[in-house]
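Let me begin by presenting the structure, written as structure tokens, before commenting on it.
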Amino acid sequence: MNYIIRQCNNVRRYKFLLQQLVSRDFKAKYKRSFLGVLWSFLNPLLTMIVQFIVFSTLFKSDIPNFAMYLLIGIVFFNFFSEATSMGLTSIVGNASLITKVYIPKYIFPVSRVLSSSINLLLAMIPLFIVALFTGVRFTFAVLILPFSIACTIVFCIGVSLILSSAMVYFRDMQFLWGVLNMLWMYATPIFYPESILPQNLMILFKMNPMYHFIRLSRALILNGESPEFKAYLFCVIAAVIPFFIGTIIFKKAQNEFALHL
Amino acid sequence: MIQVDNVSMRFKLALDRITSLKEYMTKLIKGQLQYEEFWALRNVSFNVSKGEVVGIIGKNGAGKSTLLKIISGILKPTEGSVKCSGSIVPMLELGSGFDHDLTGRENIFLNGAILGYSKEFLESKYEEILEFSELGKFIDVPIRNYSSGMLMRLAFSIATVVNPEILIVDEILAVGDADFQEKSKARMMELMGGGTTVLFVSHTIEQIMELCSRVIWLEQGNIVIDGKPDDVCSAYLQKV
């Protein structure tokens with residue numbers, strides 16, 4: 001109990017620092033690029049167009065409103081891969097700070113994930129524009145969308161906590177993660193329908209948290225209806241369990257960080 | 001104010017630094033994972049009460065910087081414990097939190113936040129920092145274009161704008177040109193004289209004699225003498 005109160009005080013005390021770090025990441029990202037923040041809109045749109053052309057002409061997908069189906073998957077998965085690869089280097093990249101000043105170290109991975117979340121929110125704008133163009137009829141279900149976004153963010157914080165501590169000990173993580181990330185993308189139904197997944201391996205695909213977040217978001221936007229209660233439950237479980245595992249690993253590892261940087 | 005209780009710090013010196021999984025596995029299988037133990041501090045205990053200015057002297061590698069890092073909370077001691085009451089401002093290395101793509105103004109807020117200052121505080125002290133650093137119109141230029149002297153002036157001005165309860169200083173008194181050195185020294189004296197508890201590492205014995213009310217002499221991780229500046233310094237000078 002005491003521990004929780006102390007952490008809450010910490011969060012209040014370091015809120016300003018968190019704010020500063022998020023704004024630094026965000027400014028640094030688009031510094032010296034001509035289109036600047038516009039890339040947050042353009043990136044998912046362009047990826048969507050490329051994949052749309054490839055998959056709708058080559059593979060003859062029979063998914064209704066394939067453009068939207070694709071775009072929702074891309075926006076969420078892009079966020080996941082950006083947030084985790086930024087989180088991965090957050091401790092090693094701030095080595096000069098960690099060995100000179102005392103700051104609670106979780107601030108670094110958390111701030112990286114939060115600055116990617118700003119990108120995620122910006123990417124929602126083209127998503128809604130495309131939705132209007134492709135004739136999606138919105139219902140009140142879309143108001144539940146922040147829930148699936150929040151779950152995804154919590155999940156990404158969990159993964160980043162694990163990756164950033166692993167990175168301190170093994171610098172191989174950054175290369176390994178690039179490959180794993182790609183594998184993860186193919187294992188998530190982003191550009192193919194769920195129905196092509198082999199039925200006997202379904203349980204394996206349901207272990208993938210990203211599957212649940214994307215599935216819920218698609219149901220809310222494309223079908224315009226709130227899915228069964230179980231879908232929410234799965235999202236919460238898929239977010240909270242990695243978060244707790246990440247917190248425990250990070251807490252154990254952090255005391256040794258300064259010695260290995 | 002500061003209670004250092006039986007602190008020991010052990011470093012494991014891997015004979016060669018292993019940073020990849022493959023290397024680790026091959027070494028592990030071959031049974032070559034060897035560490036050499038190195039005790040940077042051994043059973044160090046002392047108390048510092050409010051308002052004391054404590055100098056720490058000793059040769060290179062005596063454990064001075066390790067001690068400061070443990071007190072600042074950057075390193076966790078292998079054994080023993082440290083208790084501090086009050087806000088600590090560590091000045092171990094100036095400007096370590098700077099982002100070189102941001103302007104001077106943005107860095108004041110970023111670096112201030114890293115040192116634990118609040119937004120309101122920084123806004124109210126902004127003019128004072130700007131004036132002390134003598135940067136003028138350069139404050140809105142990205143600091144990658146600054147000269148090293150300008151960087152140091154900015155860093156010093158941010159770090160010393162507060163009156164912290166505990167100040168930890170690792171040899172940073174002289175930055176910038178002669179004028180600014182004079183000014184920064186005066187500012188340090190002001191901070192140290194203002195009832196702040198100070199822990200201060202220096203190799204300049206004259207500085208220690210001038211500023212401190214108590215001196216601790218460290219050697220190979222042990223306290224040799226802990227006492228009045230005159231006694232400790234003369235003993236130290238005789239030994240060296």
Side-chain angles (χ1 to χ4, degrees), chain A residues 9-33 36 91-105 107-108 111 115 166-177 179-180 251-261, chain B residues 9-14 17-25 40 65-66 68-78 84 87-103 106-123 142 144 159 168 170:
Chain A
N9 275 334
N10 256 342
V11 168
R12 202 167 336 132
R13 189 166 154 218
Y14 289 101
K15 205 182 99 198
F16 177 52
L17 174 61
L18 200 59
Q19 215 177 4
Q20 284 292 318
L21 288 174
V22 169
S23 93
R24 171 186 74 166
D25 286 343
F26 195 71
K27 277 179 200 157
K29 183 166 183 190
Y30 294 119
K31 206 111 202 176
R32 300 205 225 177
S33 74
I91 295 294
V92 174
N94 285 301
S96 63
L97 263 182
I98 289 168
T99 51
K100 300 284 155 30
V101 192
Y102 172 76
I103 305 170
K105 297 171 189 74
I107 290 249
F108 296 107
S111 75
S115 48
M167 178 72 176
V168 174
Y169 297 96
F170 297 111
R171 305 290 155 103
D172 299 37
M173 269 321 285
Q174 55 186 322
F175 308 112
L176 201 59
W177 186 241
V179 179
L180 280 178
K251 220 177 140 231
K252 281 234 166 90
Q254 65 175 351
N255 290 332
E256 300 268 309
F257 282 172
L259 302 177
H260 290 267
L261 287 170
Chain B
M9 184 76 206
R10 180 189 61 204
F11 288 107
K12 278 184 189 163
L13 298 177
R17 207 178 144 125
I18 299 167
T19 50
S20 79
L21 195 60
K22 182 183 147 230
E23 235 178 292
Y24 184 81
M25 286 322 241
S65 297
T66 308
L68 293 193
K69 282 190 176 178
I70 288 173
I71 293 171
S72 326
I74 297 164
L75 290 176
K76 201 173 177 180
T78 318
C84 292
S87 62
I88 302 183
V89 168
M91 285 205 256
L92 298 183
E93 196 166 300
L94 285 176
S96 39
F98 279 161
D99 186 300
H100 288 256
D101 275 329
L102 301 180
T103 66
E106 288 165 328
N107 268 303
I108 289 180
F109 286 91
L110 177 61
N111 207 353
I114 287 166
L115 292 174
Y117 309 161
S118 74
K119 189 180 177 185
E120 297 74 33
F121 177 80
L122 282 169
E123 272 165 358
R144 73 185 118 85
I168 294 181
D170 195 351

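Keep in mind the model is a prediction, meaning the values are calculated, not measured. Each chain gets a letter, A, B and so on, in the order its sequence line appears, and its residues count up from 1.
Only the side chain of Lys69(B) comes within contact range of chain A, with at least one heavy atom under 4.5 Å from a heavy atom of that chain. For a residue to count as touching a neighbouring chain, one of its non-hydrogen atoms must lie under 4.5 Å from one of that chain's; by this rule Ile98(A) touches chain B with the backbone only. No part of Ile168(B) comes within reach of chain A, as not one of its non-hydrogen atoms sits under 4.5 angstrom from that chain. With a threshold of 4.5 angstrom between heavy atoms, Tyr117(B) approaches chain A through N, CA, C or O but not through any side-chain atom.
Atoms CG and CD1, on Leu115(B) and Ile103(A) in that order, are 8.0 Å from each other to the nearest 0.5 Å. Expressed to the nearest 0.5 Å, how far CD of Gln20(A) lies from CG of Asp99(B) amounts to 11.0 Å. Taking CG of Leu75(B) as the start and CD of Glu256(A) as the end, the distance is 10.0 Å to the nearest 0.5 Å. To the nearest 0.5 angstrom, Leu259(A) atom CG is 5.0 Å from Met9(B) atom CE. In this structure, the separation between CG on Leu97(A) and CZ on Phe98(B) is 11.0 Å, given to the nearest 0.5 Å. The CZ atom of Phe16(A) sits 8.0 Å away from atom CD of Glu120(B), with the distance rounded to the nearest 0.5 Å.
The neighbour count for Lys27(A) NZ, taken as heavy atoms of other residues, nucleotides or ligands under 6.0 Å away, is above 12.
When every heavy atom of Ile74(B) is checked against every heavy atom of Tyr102(A), the shortest pair comes out as CG1-N, 3.8 Å.
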